[in-house]
Peer 1: 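Pasting a structure here, questions to come.
Chain identifiers are assigned alphabetically (A, B, ...) following the order of the sequence lines, protein sequences preceding nucleic acid strands; residue numbering begins at 1 within each chain.
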Number of protein chains: 2
Amino acid sequence: MTVEADSLFSALAHPLRLRALLLLQQEGELCVCELTHVLAVSQPMISRHLAQLRQAGLVSDRRQGLWVYYRLHAALPDWAQQVLAMTAEGVAGESPYADDRAALVAMPNRPEASCCA
Amino acid sequence: MTVEADSLFSALAHPLRLRALLLLQQEGELCVCELTHVLAVSQPMISRHLAQLRQAGLVSDRRQGLWVYYRLHAALPDWAQQVLAMTAEGVAGESPYADDRAALVAMPNRPEASCCA
DNA sequence: ACCAGATATATGGATAATCATATATTTGAG
DNA sequence: CTCAAATATATGATTATCCATATATCTGGT
């Protein structure tokens, strides 16, 4: 009941938020600078959309030094997580989703946090 | 590739379209008058949203006498159908989705087509 | 002619993009 | 240690764009 279906789907309705959520679903945790780079948008723009996702209760953020890391919210209902997982899998080969993942891997100077666990 | 993820999720972003699609997912086929009654909106309004779903390739329609029946499009990718099924299951107990199904069952004078198969 | 359904147009309200600015944290000079 | 600069992110405010609704009208089938 915490997260309504309406909130989830209006969040997913924007291409940028969809791409961001699918990335988070697959990567676990990403910082703002990574999302900015991969999605190739301005910093205020990604920040805006992340704020929306945060306010909708879909993601949670954590500050570590200069960086802020986002992940899917732990309280996301199971069905919602599965919706994301299924979508990620369904569109895995398509553009721009496949390119996003490639761009992430290719990104130089990623702040670690998950690189050398 | 026929149906993009973007189209699916922008369709789902409107509460009315979400409810309609979930009903179709569960019921198989419904006519416009049933959707109008259950969702309690004006005829032009439901017609407009159904037209959007049709143009997005999410549903197909079939005329039978006076009535027009809608169903999920047969060409919907598997993952998209699963997204709908999973959502339907996930919100089954919640409002207004549970009420919608109840209203459908309680509706008087439904055109048959699926009542006495 | 009557009924179910579809569409056109106009209007109001929400949503997004943009630029500028603000906050938090770290780094380095003195 | 303190203060200024630099970096990462967030937020205000404005403008533009899109989307939904309402009313009226049209079409297609009986």
Peer 1: Measure from CD on B:Q55 to P on D:dC19 and round the result to the nearest Å.
Peer 2: 13 Å
Peer 1: Which nucleotide sits closest to the side chain of A:M45: C:dT25, C:dT18, C:dA6?
Peer 2: C:dT18
Peer 1: Please give, in whole Å, the distance from D:dT9 C1' to A:R62 CZ?
Peer 2: 15 Å
Peer 1: Whether the A:Y70 and A:R54 side chains hold a donor-acceptor pair (N or O, under 3.5 Å, no angle test) is what I'd like checked.
Peer 2: yes
Peer 1: Any side-chain N or O of A:Q52 below 4.0 angstrom from OP1/OP2 of C:dA16?
Peer 2: yes
Peer 1: Between C:dA4, C:dT7, D:dT11, which nucleotide gets closest to the side-chain atoms of B:R54?
Peer 2: C:dT7
Peer 1: Expressed in angstrom and rounded to an integer, what is the separation of A:Q64 atom CD from D:dT9 atom C1'?
Peer 2: 15 Å
Peer 1: Tell me the interatomic distance from B:H37, atom NE2, to C:dA4, atom P, rounded to whole angstroms.
Peer 2: 14 Å
Peer 1: Please answer: with hydrophobic residues joined when any side-chain heavy atoms are less than 4.5 Å apart, are A:L35 and A:M107 in the same cluster?
Peer 2: no
Peer 1: Can you measure A:I46 atom CD1 to C:dT18 atom P for me and round it to whole angstrom units?
Peer 2: 13 Å
Peer 1: Kindly indicate whether the side chain of A:Q43 and the base of D:dA10 share any N or O donor-acceptor pair separated by less than 3.5 Å?
Peer 2: yes
Peer 1: Just how far, in rounded Å, is C1' of D:dA20 from NE2 of B:H14?
Peer 2: 6 Å
Peer 1: Would you tell me if any nitrogen or oxygen in the side chain of A:H49 comes within less than 4.0 Å of OP1 or OP2 on C:dA17?
Peer 2: yes
Peer 1: Rounded to whole angstroms, how far apart are CG on B:L39 and P on C:dG5?
Peer 2: 13 Å
Peer 1: Assign the ring pair B:W79 / B:F9 to parallel, tilted or perpendicular, where the plane angle (0 to 90°) is split at 30° and 60°.
Peer 2: tilted
Peer 1: Looking only at the side chain of A:L66 (C-beta and beyond, no hydrogens), which of the listed nucleotides C:dA24, C:dG5, D:dT9 gets closest?
Peer 2: C:dA24
Peer 1: Measure from the side-chain heavy atoms of B:V68 and tell me the nearest of D:dT9, C:dA6, C:dA24.
Peer 2: C:dA6
Peer 1: Rounded to the nearest angstrom, tell me the gap between atom CG in A:L16 and atom C1' in C:dA16.
Peer 2: 11 Å
Peer 1: Is any N or O donor-acceptor pair between the side chain of A:R48 and the base of C:dT18 shorter than 3.5 Å?
Peer 2: yes
Peer 1: Hey, is the side chain of A:Y70 poking within less than 4.0 Å of OP1 or OP2 on D:dA10, counting only N and O atoms?
Peer 2: yes
Peer 1: Report yes if a side-chain nitrogen or oxygen of A:R63 is closer than 4.0 Å to either non-bridging phosphate oxygen (OP1 or OP2) of C:dT26; otherwise report no.
Peer 2: no
Peer 1: Of A:C31 and B:R17, whose nearest nucleotide on DNA chain D comes first from the 5' end?
Peer 2: A:C31
Peer 1: Rounded to the nearest 0.5 Å, what separation is found between the CG atom of A:L76 and the CD atom of A:Q82?
Peer 2: 11.5 Å
Peer 1: Please tabulate, one pair per line, all N/O donor-acceptor pairs under 3.5 Å involving side-chain atoms of residues 37-50 of chain B, not counting sequence neighbours.
Peer 2:
from  : atom 1 : to    : atom 2 : distance (Å)
B:S42 : OG     : B:M45 : N      : 3.3
B:H49 : ND1    : B:R17 : NH1    : 3.1

